[in-house]
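Note on naming: letters A, B, ... go to the chains in the order of the sequence lines (proteins, then strands), and numbering restarts at 1 for each one.
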2 protein chains.
Amino acid sequence: MARGFVTAEEVARRAGVSRSAVSRTFTPGGSVSKAVRKKVLKAAQELGYRVNRLAQGLNNDRSNLIGVVGANLSSPFISKQLDALSLGLLRRGSQCLLLNAADARKDIAPLIELLFEFRAQAIVVLSGEPPASIIDECIANGVRLVLINQSMDRTDTNIVLSDDSHGADLAALRLRAAKCRKVAVVTSGSQTPAQMRRANAFTKRMIAEDIEVVSWSDGPTTYETGYRAGCELLKDNGIDGAFCVTDLLALGFLDAARLEMNRRVPQDLSIVGFDDIPQASWKSYQLTTIAQSFEALTEKVLAALDSDEPEIRLQVVPVSMIERTTAR
Amino acid sequence: MARGFVTAEEVARRAGVSRSAVSRTFTPGGSVSKAVRKKVLKAAQELGYRVNRLAQGLNNDRSNLIGVVGANLSSPFISKQLDALSLGLLRRGSQCLLLNAADARKDIAPLIELLFEFRAQAIVVLSGEPPASIIDECIANGVRLVLINQSMDRTDTNIVLSDDSHGADLAALRLRAAKCRKVAVVTSGSQTPAQMRRANAFTKRMIAEDIEVVSWSDGPTTYETGYRAGCELLKDNGIDGAFCVTDLLALGFLDAARLEMNRRVPQDLSIVGFDDIPQASWKSYQLTTIAQSFEALTEKVLAALDSDEPEIRLQVVPVSMIERTTAR
DNA sequence: GTGAAAGCGCTAACAT
DNA sequence: ATGTTAGCGCTTTCAC
């Protein structure tokens, strides 16, 4: 094991300059003469020198690392989110320290603590709710914390979320327009804040409209859960509409409706989803859904990281109705 | 900005011990008396002390960071892979520095260089081929490099891949069993090594079996590309079988066949995919495909990272045929 | 078992 | 513009 990257010291010796000259050469604003810079670059090149960012960060207390924690990284929605975020972070010049929480409910606190140890500059949470103590620690240590699509309760941290209530409202209105008289609202058993907001807003609106709603909630947020929901709920022949708070659920529900429960969609049954994951536009589904904008969400997150002084607190991103074919 | 985590120094002062005592307390094998350890822990707790891993890593030249670079992070296959990998890494006690390559062909070299600067212990490449110079640099600096599903050419680095040729062979045999007489093999225009291996092995076998094969190749590796392939290829009424080297392509192809080109699958046309992404098992598709094992792949990657002495070079993971409903 | 001291690779005053 | 010096927070000999 030839452990050992070349150090600035060695480069300096080879170039016949001081080691600060080397440092300056590799520092954006460093004042070095062209001649020296050239010599240094040459020596560095020959030796295969790489700045040591760990040492660099140790000095000026900035690791350049942005911690990202999330669960369920392979779900269509989260992976889209992560894709956009990691790209944006890189473009912004910071790196992404990714911590995968096996279980969003439990694992997230220790992961954030780990991020503290790496002196992450900021922390972005894709799923799960950090306990208050963690949030306090972030504040105490100047680590900016951004929560995506989580609860809106805490006012002392940055929150970026889609306009779930409005989206749910759009869904409700759409189902009313489809003349539904008894609708199901299906959520997973994980009861995430976003799902709750959607389900609650939807239900509230439906009740106001005097439309009967039956709630279903169980299992993980997966296609299979949606499928099961469809099989169970559609035994009831009265249900003629469904709002699935997540596209994954909606797609499963849709398949169950058509393939298992012999419903024609949208003739017998109207379905509206939420998220607009890529699969929602696939020809076999053509799901009518409420779109979250990954780009806008990411942009707001980056904004929250960049803004230095007036801490941005709550940013809500607009959603939009994507009309496809599953609602009459 | 109250920048500033508590340092070991401060903890030491508060606990009334030396700072080495603090260090030892937080070092797995450190020899400290119970009494001191307790005092230190108490002080650390009260002050909210967090070990600084950057400083720690600076010392013993191990950052504990594993670099992961990949493109297309939101594609079903890659995201599954990343999910499993990041989880495995975490369990193994190392963290995952994720770099998202916007373009797998070009961006990957600079990203790996960035990883060098962070003194990543090892680097896992999910997509893209690092140039030889980078591989040499890894070797020179003792950074273990693992490539997943890339080319098999280089013998001086760790390569983990699925048995593409065998998988393609299974697909070919399956299509022969379906009595196909003219088959299409569809790949994306990105010509990744894995796709090439699959297409080549398939074609070779089909020729040996005296079955006509027509190749199609274009665009990015997406559902839409598969759909387009279907629309274009199925103008030819003679085609009665298709091997899509990726499930995403296969799903698009399947939709085009049924929904646009009026083919009954599998009666008129048999389709086999590759990867076994989650969507392949969705009720609307039920795609017959060749499964890669994410778990096995990940396990091999971790093994390649862990094995210290005899460098593991090439590990090929078996694939298996998943019989569903799209092949006669 | 414990403290003192040296040093990891770097940057940032501070001189010159 | 350049070199010298002093840390950044930690671990690790080395004495005791």
Please tell me which of Tyr49(B) and Val17(A) maps to the more 5' nucleotide of DNA chain D, matching each residue to the nucleotide holding its nearest heavy atom. Val17(A)
Does a side-chain N-to-carboxylate-O contact under 4.0 Å join Arg154(A) and Asp136(A)?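 Salt bridge: yes.
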Choose from [options] the nucleotide whose nearest atom is closest to any side-chain atom of [X].
{"X": "Ser20(A)", "options": "dG9(D), dA12(C), dT2(C)", "result": "dA12(C)"}
{"X": "Gln56(A)", "options": "dC10(D), dG9(C), dT11(C)", "result": "dT11(C)"}
{"X": "Thr27(B)", "options": "dT2(D), dC10(D), dT12(D)", "result": "dT12(D)"}
{"X": "Leu58(A)", "options": "dG9(D), dC10(C), dA12(C)", "result": "dG9(D)"}
{"X": "Asn59(B)", "options": "dC10(C), dG3(C), dG7(C)", "result": "dG7(C)"}
{"X": "Asn60(B)", "options": "dT11(D), dT2(D), dG9(C)", "result": "dT11(D)"}
{"X": "Ser18(B)", "options": "dT11(D), dA4(C), dG7(D)", "result": "dA4(C)"}
{"X": "Val32(A)", "options": "dT11(C), dC10(D), dT2(D)", "result": "dT2(D)"}
{"X": "Thr7(A)", "options": "dG3(C), dG9(C), dT4(D)", "result": "dG9(C)"}

To the nearest angstrom, the CZ-P distance between Arg50(A) and dC8(C) comes to 22 Å
Any sub-3.5 Å donor-acceptor pair from Thr298(B)'s side-chain atoms to Ala84(B)'s backbone N or O?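 Not confirmed, Thr298(B) side chain does not pair with Ala84(B) backbone.
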Closer than 3.5 angstrom, by distance alone: can the side chain of Arg62(B) be matched with the main-chain N or O of Gln121(B) as a donor-acceptor pair?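 It does not hold such a pair.
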OP1 or OP2 of dT2(D) sitting under 4.0 Å from any side-chain N/O of Ser33(A)? yes
Establish, with yes or no, whether the OP1 or OP2 oxygen of dT11(C) is under 4.0 angstrom from a side-chain nitrogen or oxygen of Ser23(A).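 For dT11(C), OP1 or OP2 has a side-chain N or O of Ser23(A) closer than 4.0 Å.
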What nucleic acid atoms does Arg24(B) come within less than 4.0 Å of, heavy atoms only: base, sugar-phosphate, or nothing?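 Answer is base: heavy atoms of Arg24(B) come under 4.0 Å of a base.
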With a sphere of 6.0 Å drawn around NZ of Lys80(B), does it hold more than 12 non-hydrogen atoms of other residues, nucleotides or ligands?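 No, the 6.0 Å shell around NZ holds no more than 12 heavy atoms from other groups.
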